Amino acid sequence: MKELPAEPKDQQLMVALRIRPINDTELDEGATIIAHKVGDQMVVLMDPDEDPDDALRANRSREKTFIFDIVFDQQASQEEVYCSTTQHLVEGVISGYNATVFAYGPSGAGKTYTMLGMDSEPGIYLQTLNDLFQAIEETSDDMEYTVSMSYLEIYNEVIRDLLNPSSEFLELREDAKGSIQIAGITEVSTTNAQEIMQLLIKGNKQRTQEPTAANKTSSRSHAVLQVTVKQRSRVKDLSEEVRVGKLFMVDLAGSERASQSQNRGKRMKEGAHINRSLLALGNCINALSEKGGSRSQYVNFRDSKLTRLLKDALGGNSRTVMIAHISPASIYFEESRTTLIYAYRAKNIKTRVKRNLLNVSYHIAQYTDVISDLRREIEHLKSKIEKQEKEKKNGPDIRDVQAEVHHDSEEDSRIQMNKIRGQLISAFKEQMEMRRSLMELENTNIELHIDTSRHLLTIADWEREKAHQAHKEKDDENVEADGEGEEGDSNEPHEVSVAREEINMLLAEQRKTAALKVGRYLSNY
Ligand SMILES: Nc1ncnc2c1ncn2[C@@H]1O[C@H](COP(=O)(O)OP(=O)(O)OP(=O)(O)O)[C@@H](O)[C@H]1O
């Protein structure tokens, strides 16, 4: 699909002006040419009542200069008008953008000529459709298109189906997205421009036409040709979007005021209705052009069928071209002046264009991720199966086995290492605990030794004292003491007896501690 600039994008409404050739009737009425094209974009409208010699009026001259995007005069061919105004919209329409071309101007100024044209000089309808079908043809290898077309008129604020004129009046409906639909309208699906042209000519004959003072076959209604192009890729990729581009081509009824077209009775009532739509259109143009098309300005599109239908074309999602028409004749100075003022104002209107995508594409897009995930999984499984089959045929590749073994042993040794590390840490903790309790036992042992030594010393002191006394008594008593030497033990002091008892206890304690120490050592190592 061709990529167009990033969206949404603000677009200025393109305004072109076409000045038709002066006709015999006008010349017969003595009219002169007062509208002059200057360069490609400028038009000068002279006031026919102005006296060039009247110095007093010179400063209040009603001669007006207007600049448009492009100006055509009587020299311009149908093709030239089409190429400079509408041709560029075709690419957008087949890529999902909306576009609108409407012809504006008073009765007999050349609107139908520009839009429908004649067999020998077809207008914008046919040239657009030709280019549209050619563009479709050129890309139809990759893309699939559905084109449908409807043709309607708005007359006295009712809508008639020009491809089925006997049908009931049609109603406008707004869908959930706010875009306007025409309930029950005939939709023709064809890609043959000639066929469509025949339908249009036939449909145009059904258009409400009456002779007016300004035009013998004046179209009293607004005619709308709507072409819808749906585009989808032929490549069956589910992420593909369906793009819908709508092209409106509108031939408006004459914009002159009822009083000015010298119409009475029925024509007067028509004028009121036509003007209701055109007045609403004018109001919308005014509101939209205010402050450079600021969207904060309230725009009452609902005021008429025409403005409801052109809502997107004027203030919404559409590339829009307005082709204003005037007669160059001096007798239509007033109509030309008001038309130029309207058209000039419309130049400020901005629309915000964005590509139209069908809802269904969003649904599909939601599944796309899932589908591509599944595809990836299928691919993965397929390659796995292929690999397994290959292995079955060839036997396992030694390198794969080695790699697997290597991988397994690496994994095993990693687990083993972790296990050992855990064991080492807990053993270390246990050892530390053991050392701590051994040291405690050691301390206890030392304390027992000290206590034992202290008591031994007490006993040894006593023993020495006793021996000394015994020796002395032996010297003193010599003979008489021969059989009475054992008596000294019975005089042993209390502290010595306690020391003896204590030593017995301490020795028992020491044995217990020694046994514990040995036990701890044994359980530790
Ligand atoms: N550029 C042109 N070159 C030659 N003839 C033209 C041109 N424009 C208009 N005409 C002729 O002028 C006459 C009136 O034009 P047309 O019917 O297109 O006007 P209109 O604006 O559609 O009027 P209405 O609003 O009354 O339908 C027609 O006979 C048409 O062939």
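Whatever order the structure lists ligands and atoms in, that order sets their numbers, starting from 1. Worth saying up front: this structure is predicted, and the values here are computed from it rather than measured.
Evaluation of the side-chain hydrogen bond (donor to acceptor under 3.5 Å, both in side chains) rule for R308 yields no partner, not counting sequence neighbours.
Counting atoms of ligand 1 from 1 in the listed order, those under 4.0 Å from a heavy atom of R18 are 1 (N). Atoms of ligand 1 found under 4.0 Å from any heavy atom of T112, numbered from 1 in the order shown, are 18 (O), 20 (P), 22 (O), 27 (O). Of all atoms in ligand 1, numbered sequentially from 1 with element shown, those under 4.0 Å from a heavy atom of G254 are 25 (O).
For ligand 1, the polar-atom distance check finds no N/O of D251 at less than 3.5 Å from any of the ligand's N/O atoms. Polar contact with ligand 1: absent for R20 (N/O pair, distance under 3.5 Å). Below 3.5 Å of separation, one finds no N or O of M118 facing any N or O of ligand 1. Some N or O of A109 is nearer than 3.5 Å to an N or O of ligand 1, by distance alone.
Aromatic ring centres of Y342 and Y104: separated by under 6.0 Å.
Ion pair R20/E26 flagged as a salt bridge, since at least one NZ, NE, NH1 or NH2 atom sits closer than 4.0 Å to an Asp/Glu carboxylate oxygen.
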Could you walk me through whether L225 and F248 pass side chain to side chain contact (heavy atoms under 4.5 Å, CB included), step by step?
-> CA-CA 6 Å; L225 171 62; F248 285 97; over 6 Å; no
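Residue H325 does not touch ligand 1, judged by heavy-atom distances below 4.0 Å.
For E79, the CD atom is loosely surrounded, since the number of other residues' heavy atoms within 6.0 Å does not exceed 12. When the shell of 6.0 Å around CG of D119 is examined, it contains 12 or fewer heavy atoms from other residues, nucleotides or ligands.
Looking only at atom types and distance, the side chain of R243 has no donor-acceptor partner in the side chain of S95 under 3.5 Å away.
Across A103, G108, S221, S107, heavy-atom proximity to atom 14 (C) of ligand 1 is greatest for G108.
The closest approach between E121 and ligand 1 stays at or above 4.0 Å for every heavy atom of the residue. The shortest heavy-atom distance from P106 to ligand 1 is under 4.0 Å.
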Just list the side-chain donor-acceptor pairs under 3.5 Å for residues 167-174, sequence neighbours left out, or say none.
from, atom 1, to, atom 2, distance (Å)
S167, OG, N164, O, 2.8
E174, OE1, R302, NH1, 3.4

